[in-house]
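As structure tokens, the structure follows; a few thoughts come after it.
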Amino acid sequence: MDLETAHLLVSPEATELLRSLPVYDDRQALALATRLRAAGHSPELTAAVLHQSALRARGRAKLGDAVDALLLTDDGLEQATRPQVARHHAQRLRSADVALVHDLGCGLGLDARALVEAGLAVRAVDADPATAVLAAHNLAAVPGTGDQVPPEVACARAEDVDLTVGLAGPAQPGAAAGRRTAVWLDPARRTPGVADVTGRTRRTWRLDDLAPSWELVRSLAGQAAAAGAKLSPAFPHAAIPDGAEAQWVSWRGEVVECCLWWGDAVERAGRTALVLSAAGSALLTENDADTAWATGDLAEWVYEPDRAVIRAGLVGALERAVGGPELDPGVGYVTSSVERDLPWARRFRVLESLPLQEKMIRAHLRKIGCGTVTLKKRGVDVDPDRLRRSLRLKGSGSATLILTRHAGRPVALHVEPT
């Protein structure tokens with residue numbers, strides 16, 4: 001988004017026009033645009049508010065009803081933190097006994113909103129001028145406490161921010177960041193350049209492509225009492241800095257981030273997994289996974305841990321919880337004769353174990369009259385869509401197959417979800 005469009009969107013005219021629009025319907029967008037222009041609204045304003053309306057419709061599932069008060073960009077929505085996760089970030093820093101948070105690379109300000117709501121003072125910056133304008137709008141109406149310093153938003157690069165500037169103003173030359181000062185970073189994980197048809201730029205998973213750089217992230221984190229950085233779920237275990245905590249976070253089964261914590265924000269150094277859902281949360285640590293089971297026979301049950309647990313390399317916690325081994329090293333599935341309900345794992349009853357061979361699978365599914373099949377794959381080189389087409393199933397029944405390895409052999413497990 002260009003700066004001119006951003007300023008247009010924060011104008012009173014755009015605000016009122018956005019409030020007046022019906023629920024976005026792509027099929028009616030052209031007719032609505034025609035009516036808005038006929039009512040005297042400029043083509044630029046019409047295009048901008050309709051795009052915002054579309055973004056809000058797309059972002060409602062992720063951001064909830066708060067989306068109605070936000071101004072968004074395509075890339076910003078993609079990287080925006082879910083409110084449930086942002087509140088967790090804010091509580092972490094609040095528990096670290098900090099008062100001021102420098103939000104470096106604030107994007108649309110979703111984490112900053114949660115920090116303000118948690119009672120923290122926030123100085124937010126973003127290197128993109130248009131994004132900084134939208135972030136200031138998104139933070140303007142966030143309620144704080146009566147004596148809370150209003151959030152500040154500026155257009156600046158993370159490397160140009162002076163962390164020694166405290167709540168009372170500039171510190172003495174050469175001073176370090178105060179003991180109640182924290183840093184929060186959400187480095188851009190998209191490669192600048194030509195956007196795709198949806199308006200989004202290419203996502204990157206490489207630490208070398210972060211902006212600000214991975215080196216700068218670590219440097220800034222070391223200058224404050226507490227620090228956190230929201231990174232990709234693909235963050236490599238070998239890159240975890242000494243003494244830091246790398247926490248993989250999932251929301252309703254989807255891994256949304258790996259968050260690194262430094263200093264007073266560290267609760268358990270090393271790898272942890274936080275599983276969030278509408279029903280509550282579960283935390284798993286390396287201590288929970290301190291176990292080793294030899295691969296054994298296939299038992300009555302197969303468990304699939306939450307993806308955050310797998311990303312964090314903590315499948316051993318599931319082995320310990322159900323008293324059984326992983327089907328094969330690295331596949332994530334654990335088998336056990338123990339029936340146990342866990343908020344961070346799914347349980348399946350094993351009905352049949354088959355060799356991972358198309359003819360054997362087809363014969364089995366036709367024998368039981370299966371017309372539709374759900375395929376879950378991990379640890380084997382199989383294209384589930386191609387396999388599904390090749391089975392040419394007929395019948396009224398349905399089945400779930402886990403395509404994986406057991407004791408070194410590719411298998412197809414016919415299972416029943418519980």
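For reference, positions follow the sequence shown, starting with 1.
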Residue pair [X] / [Y]: nearest heavy atoms and the distance that separates them:
X    : Y    : result
L115 : L93  : CD2-CD1, 3.9 Å
A90  : L120 : O-CD1, 4.1 Å
H406 : L298 : CE1-N, 3.6 Å
G109 : A135 : N-CB, 4.3 Å
V217 : A229 : CG1-CB, 4.0 Å
A239 : W214 : O-CZ2, 3.7 Å

Parallel, tilted or perpendicular: ring planes of W248 versus H237, cut at 30 and 60 degrees: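 Perpendicular, since the angle between the ring planes exceeds 60°.
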
Taking atom [atom1] of [X] as the centre, does the number of heavy atoms from other residues, nucleotides or ligands within less than 6.0 Å exceed 12?
X    : atom1 : value
D385 : CG    : yes
E267 : CD    : yes
R307 : CZ    : no
D297 : CG    : no

Cationic N near anionic O, under 4.0 Å, [X] to [Y]:
X    : Y    : answer
D288 : R320 : no
D103 : R123 : no
D126 : R157 : no
R268 : E286 : no
E358 : R386 : yes
R180 : D97  : yes

Using ring pair (Phe, Tyr, Trp, His ring centres under 6.0 Å), reason through W251 and H88 one step at a time and then give a plain yes or no. CA-CA 12 Å; W251 168 249; H88 165 71; over 10 Å; no

Given the rule in the side chain to side chain donor-acceptor pair (under 3.5 Å) test, do E44 and T5 qualify, once you have shown the distances and angles that lead to the verdict? CA-CA 8 Å; E44 294 79 13; T5 301; over 6 Å; no

Heavy-atom check, side chain of [X] versus side chain of [Y], under 4.5 Å:
X    : Y    : answer
L220 : L104 : yes
T181 : V98  : no
L36  : L21  : yes
T15  : P12  : no
V256 : R82  : yes
V125 : C106 : no
L45  : E13  : yes
L70  : L63  : yes

What distance separates [X] [atom1] from [Y] [atom2], expressed to the nearest 0.5 Å?
X    : Y    : atom1 : atom2 : value
L55  : D74  : CG    : CG    : 5.0 Å
W301 : S337 : CH2   : OG    : 11.0 Å
L391 : T372 : CG    : OG1   : 11.5 Å
R311 : D306 : CZ    : CG    : 12.0 Å
H7   : L3   : NE2   : CG    : 4.0 Å
L50  : L32  : CG    : CG    : 5.0 Å

Under 3.5 Å, is there a donor-acceptor pair between the side chain of [X] and the main chain of [Y]?
X    : Y    : value
K62  : A80  : yes
E326 : G316 : no
R60  : V67  : no
T418 : R347 : yes
T335 : A299 : yes
K230 : D111 : no
R346 : E304 : no
T73  : G76  : yes
S336 : V322 : yes
R362 : S390 : yes

Dump the intermediate steps for side-chain contact (heavy atoms from CB on, under 4.5 Å) on Q79 and D186, then the final yes or no. CA-CA 9 Å; Q79 195 163 326; D186 186 356; 2.7 Å; yes

After noting the C-alpha distance and the side-chain angles of V85 and L276, does the key distance pass the side-chain contact (heavy atoms from CB on, under 4.5 Å) rule? CA-CA 8 Å; V85 181; L276 299 174; 4.1 Å; yes

CA sep, side-chain torsions, deciding dist, call: T285, R271, side-chain contact (heavy atoms from CB on, under 4.5 Å): CA-CA 6 Å; T285 73; R271 292 173 285 114; over 6 Å; no

Under 3.5 Å side-chain donor-acceptor pair for [X] and [Y]:
X    : Y    : value
T404 : K377 : no
E416 : T400 : no
H89  : E257 : yes
T164 : D162 : yes
E215 : S219 : no

I want to check a possible cation-pi pair here: R378 against Y333, using under 6.0 Å from ring centre and within 45° of the ring axis as the test.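 Geometry flag: set, cation within 6.0 Å and 45°.
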
Run the side-chain contact (heavy atoms from CB on, under 4.5 Å) test on L318 and V309 for me, step by step, so that the C-alpha distance in whole Å, both residues' side-chain angles and the decisive distance to 0.1 Å come before the verdict. CA-CA 9 Å; L318 181 56; V309 178; 5.7 Å; no

Steps toward salt bridge (charged side-chain N to carboxylate O under 4.0 Å, His left out) verdict (R56, D68): CA-CA 7 Å; R56 288 177 174 182; D68 292 327; 5.3 Å; no

So, for W344 and Y303, is the gap between ring centers shorter than 6.0 Å?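 No, too far apart.
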
Set out, in order, the CA-CA distance, both residues' side-chain angles and the distance that settles salt bridge (charged side-chain N to carboxylate O under 4.0 Å, His left out) for E117 and R94, then state yes or no. CA-CA 11 Å; E117 289 170 349; R94 181 73 177 177; over 6 Å; no

